[in-house]
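For clarity, every value in this text was computed on a predicted model and none was experimentally measured. Atom set for the values below is all heavy atoms of this structure, side chains included, hydrogens, waters and symmetry mates excluded. Sequence lines set the chain letters: A, B, ... in the order given, protein chains first and strands last, and positions in each chain run from 1.
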Protein chains: 4
Amino acid sequence: MDGMKKIKVAVLGATGMVGQRFISLLEGHPYFQMTDIAASHRSAGKRYGGAASWYLGDEMPEDVRDVVVKNIDPKLIDAEIVFSALPASVANDVEPAFAKAGFVVASNASSYRDEADVPLLIPEINPEHLDLIEVQKKNRGWDGAIITNPNCTSIVLTLSLKPLYDAFGIERLFVTSMQALSGAGYNGVPGMAIIDNVIPYIGGEEEKVESESHKILGKFKDGGITNAEFKISASCNRVFTSDGHLESVAIDLAEDADVEEVKEAFKNFKGTPQELGLPTAPDPPIILREETDRPQPRFDRMAGGGMAISVGRVRKDSIFDFKYSVLGHNTIRGAAGASILNAELFASKKL
Amino acid sequence: MDGMKKIKVAVLGATGMVGQRFISLLEGHPYFQMTDIAASHRSAGKRYGGAASWYLGDEMPEDVRDVVVKNIDPKLIDAEIVFSALPASVANDVEPAFAKAGFVVASNASSYRDEADVPLLIPEINPEHLDLIEVQKKNRGWDGAIITNPNCTSIVLTLSLKPLYDAFGIERLFVTSMQALSGAGYNGVPGMAIIDNVIPYIGGEEEKVESESHKILGKFKDGGITNAEFKISASCNRVFTSDGHLESVAIDLAEDADVEEVKEAFKNFKGTPQELGLPTAPDPPIILREETDRPQPRFDRMAGGGMAISVGRVRKDSIFDFKYSVLGHNTIRGAAGASILNAELFASKKL
Amino acid sequence: MDGMKKIKVAVLGATGMVGQRFISLLEGHPYFQMTDIAASHRSAGKRYGGAASWYLGDEMPEDVRDVVVKNIDPKLIDAEIVFSALPASVANDVEPAFAKAGFVVASNASSYRDEADVPLLIPEINPEHLDLIEVQKKNRGWDGAIITNPNCTSIVLTLSLKPLYDAFGIERLFVTSMQALSGAGYNGVPGMAIIDNVIPYIGGEEEKVESESHKILGKFKDGGITNAEFKISASCNRVFTSDGHLESVAIDLAEDADVEEVKEAFKNFKGTPQELGLPTAPDPPIILREETDRPQPRFDRMAGGGMAISVGRVRKDSIFDFKYSVLGHNTIRGAAGASILNAELFASKKL
Amino acid sequence: MDGMKKIKVAVLGATGMVGQRFISLLEGHPYFQMTDIAASHRSAGKRYGGAASWYLGDEMPEDVRDVVVKNIDPKLIDAEIVFSALPASVANDVEPAFAKAGFVVASNASSYRDEADVPLLIPEINPEHLDLIEVQKKNRGWDGAIITNPNCTSIVLTLSLKPLYDAFGIERLFVTSMQALSGAGYNGVPGMAIIDNVIPYIGGEEEKVESESHKILGKFKDGGITNAEFKISASCNRVFTSDGHLESVAIDLAEDADVEEVKEAFKNFKGTPQELGLPTAPDPPIILREETDRPQPRFDRMAGGGMAISVGRVRKDSIFDFKYSVLGHNTIRGAAGASILNAELFASKKL
């Protein structure tokens, strides 16, 4: 992109946890220039520094403090790509309105993930799904388009599945998650609910993980996605961590493999973002840990700037072929960073 | 036991977390009179109130404060039953010495759990295993005997398995645990290791859970235990809770069952301790929770005085037949309370 | 109260944290019979078991599960005393309506604590303030009356001050609190706000602690309270504990005292509730800890059933005369238990 | 230092929490080249990557992984400056041995802080204390010298005191700390001791804070330090945070000041490190927060790369003149970073 003009981008729903991650990750981005910030009526009209309580560990970037937050209205936004950190209930109506008005919507919302002509994109896994955009535009008569990223738990899981799927095939997998508080939004889990506690239930999460993974690993063919075929079962728990979803995975592969081959598959994995050198792409995307007790949320969530996943405890199992633990940052790799990487792939194809 | 003389008991290894639970649970016990407290050389000779930092939420019982702690030596102990909260490295030598000297050792240590002639007893599951004592005495020429209780995670798990095993048979099961800090002993997990973190590994735990369950659910026949046959895989994690192991279980049954039948099996389960009305027996032993998000450690660990387990989220699965979550108090039901219930069963048989 | 009919009581605002403590503490109460439960429109008409998510460690008492929750309306409530766990915004209008209608309102709300004719009662400290009721009734033409208990932090603090005030007088005191999450209500502090964190601010708390203590330790004279005179400064912090406010206190006494005299004053303190043997009165009300590192929230909050405060680290200071740490359970001694003890004192005077 | 050769430095006690902070902060340092790593006999002879469990959030720097750890022996170490993260019991003997052998020891240990000829240095506060080195060398006949930094809690506190001391003088101050787990070392506080808890005692801490601050703010005169004169009282508590000591301070100034003047003093403060542009010097060293509820450990500890302190809630008080809260990173600003800044000042003077 040297010497090229940056692409104008805006963030919709910029005051929440994921919105703030967008703001933070877009600061100084080599492709994108943030030109607008939009949020709900409560925040619109205020300066961003006053509208948002900054939740991240570092400081709010200086240059967004005085930006006046706009209403979420396509007519008010000056941008080519909009990043959506909107709740599904709002995204339902807003995202199509933006797409219709010619924007590319890179969305973290769950609203359109299941639509047949909407890419559920993870650039390391299914970059070719981006071709659905043309189908989508034609189907819907839109000048713009919606590109979605999966649920945070799904992203971390499927990134770890991709090298195994390619090398050996997957027959069945069983995943038990231990998910961080930030996944529920800043106000999602009261301190009193989680102190000295684990909550063995996250509404709708198991269903999302089970359904999304088939589409993510599916093939683009004849203008649509043919889902991958394997059995999957997910059990989701909320634990007392701030960021970083840890997942305990058991898997049956289609072909024989030994532990070393599985480890090699993890270790050697690269995808399109690494080949293209996309700015947000971690390299390597999967970090293989050989210690007995890793990955751990506090120590491994920021690997690769929060964009790499960490895999450890790869071992044979007595019921499944293999077991391992995988961890990824749920609001970076699992949300804002995912959408930005999607937009980078889109931008790189276009340029 | 009305009008009968209480049985003299002692606690070995009385200053640690499990030792303190023994002291606490034996206070005012209707069968047992605590006559001696023994601990390591560091504590021996001191008053218990000075030797032990009391870790439990309530106060140290008044009447043990001034008891002088003895060395762990059969010649010094005046009791019929000794409860062992010793670490395995100490129990290896000490427990046989006590058994040889005529004591019944009700042990929470892992040292002799795997021995063919040592009962791995859970009174609700395998009360008939107590008959191994006669075999053991004969084999070893002991006047006393060793009775063990399983590992904390195994106890919580197998208690939930028993009604299913009896009603439908078990083919395979997969368990992912989220275990409390107290399971590692008071000093076992540094605060710095677990703050904002999960540790996906507990040394030796997965192996114990996998091996113990077959013996626990085995049949006593021809003077020995015939192990139960099913496949089992365990993945163990340490989370930030003080007490209460939460386990996410998936299971294939030998016979068809629907969700309601499985729930009924949990709900209607009673064992020998409930029939005999043993003092420490919870009634019911299994509490079935119908809420979407229970059991939870902070809210459910003290069910039945810490002796009942709580089962929830019973549901069909796409890979296994059923999934559910189960929780139990790891230092009461999973340790000291387990040994005491074992001793109560022993005492009730003898009387 | 032997052989006497129990007094009918009701709980207003019964579904929140303090409301649940009322329900729990009133179960099997020797003086009081709970005849009605009232809560907001959202809960009214439902059975209590369905309206309230039970937050306490033990189970919801069986006999309240099926009680139908009523609207908060004096005409609907059959009781002599009503316990108010209402938020101040609701209590503002509701409590006078109940008092006017002839009910005695034992309130945990802050709405009327500062009114000159409303007792801010702690039975161990100022039982004679109850005589304000007659003044209040006359002033306001009410058949009933409002009796309030102080803010949770104030109660724990002033209970520790009382023996010093009586024995030596108080000139100035400085308190820094480390307060539990439950003080903000179940949903008051998000897990994400408090994980690996301390919040050095609690809205309005410092002002309450500073102003209430003068009235609490004041004298009833000529139909009103003459405030105690001493300087007080409070700094309030929110820490990651579930229950139990810990306060670090420094104090200048009016008269000379040595450490042993101060300790004796704490240790020997008894108040009217202890003399009358009121059912909820802890005995002793102040527990003096001599260990170097106590009191601690997890270990000491349930002392005296949650109604005793624990004082420790009593020592000379280089700026003030003495320093000490004090701890009490904020939703028992500091809220629901306080109101119930107030009602017990009222009932005992009346009978 | 452009074009100059870097100074060779070594780290003593390199495997613990503070040792690791040294390693991390020295990576790529513009003045210093780490030439040796030394640790206890247990680690000596191993590669650093195998000897140390890396506790920090980011990864162990690549280039130290394969460095072989040496014994702590002046004869084995090739360096001009050694950074000491040794426990006091070891530092007692080792640090003089190194100083005698010609090394400059920049020490975080408490062993020699109180010695009259040893600088207790905070470069923003007392850079002229460095002149004690010459006195020390002469007194002791050493070729090298020992330079110490204060206790972590003292550093954070006195940095906030310095601008007030210079502008208005200080008469008395009262500080209540809420300190992070890392201050006790990685294994210092068991998870079971601190879950749902606060510990109102830290052995020796209050005494250190009270005594060190007088020397730190003292004047170098006639070859020695004349201590500052003011009264100070400290109460220290351990809370559940990983890093970042929060301190609640109340202060009487010698001269009149209003809140705005105090705030200006904090905001405008600069010291010698800022003037010299030392590499580790934060600029500004004190960040004034105007929000009602800051500073908070999780959000503010990494301000200025962990080297700035954050001050907030500056307000008038009813007993003291002013109150405020101050926070700083205890293992960066309060330990390893402090020693490094001291060494930078030393190096800059020498060059």
Side-chain angles (χ1 to χ4, degrees), chain A residues 15-21 24 52-59 85 87 152 178-203 236-246 296-302 329-332 334-336, chain C residues 15-21 24 52-59 85 87 152 178-203 236-246 296-302 329-332 334-336:
Chain A
T15 56
M17 295 230 54
V18 173
Q20 296 188 10
R21 286 285 177 202
S24 169
S53 301
W54 192 250
Y55 301 135
L56 309 183
D58 43 6
E59 286 292 295
C152 45
M178 286 155 279
Q179 301 185 212
L181 299 176
S182 58
Y186 197 77
N187 294 299
V189 182
M192 278 300 288
I194 199 69
I195 185 170
D196 196 357
N197 209 11
V198 175
I199 303 173
Y201 175 72
I202 299 174
C236 296
N237 300 277
R238 184 78 65 195
V239 297
F240 189 66
T241 52
S242 60
D243 291 305
H245 287 357
L246 179 66
Q296 296 179 15
R298 188 159 106 256
F299 296 119
D300 296 306
R301 59 193 170 206
M302 285 309 294
H329 196 296
N330 54 299
T331 66
I332 300 180
Chain C
T15 56
M17 295 230 52
V18 173
Q20 295 188 12
R21 285 284 178 201
S24 170
S53 300
W54 192 250
Y55 301 135
L56 309 183
D58 43 6
E59 286 292 296
C152 45
M178 287 155 278
Q179 302 185 212
L181 299 176
S182 59
Y186 197 78
N187 294 301
V189 182
M192 278 300 287
I194 199 69
I195 184 169
D196 196 356
N197 208 12
V198 174
I199 303 173
Y201 176 71
I202 299 173
C236 296
N237 300 277
R238 183 79 64 196
V239 296
F240 189 65
T241 53
S242 60
D243 291 304
H245 287 357
L246 180 66
Q296 295 180 14
R298 190 160 103 257
F299 295 121
D300 295 307
R301 60 192 170 207
M302 287 307 296
H329 195 297
N330 54 301
T331 66
I332 300 180

>> I need the minimum non-hydrogen distance between Ala85(C) and Gly19(C), along with the two atoms involved.
In response: CB-N, 3.7 Å
> What is the distance from atom CG of Leu56(C) to atom CD1 of Ile332(C), rounded to the nearest 0.5 Å?
Replying inline: 8.0 Å
Find the N and O donor-acceptor pairs between chain C and chain A that sit under 3.5 Å apart.
unit_1	atom_1	unit_2	atom_2	d
Val189(C)	O	Gly191(A)	N	2.7
Gly191(C)	N	Val189(A)	O	2.7

> Highest number of heavy-atom pairs under 4.5 Å with chain C: which of Ala180(A), Ala184(A), Pro190(A), Ala193(A)?
Replying inline: Pro190(A)
>> Is any side-chain heavy atom of Phe240(A) closer than 4.5 Å to one of Leu181(A)?
In response: yes
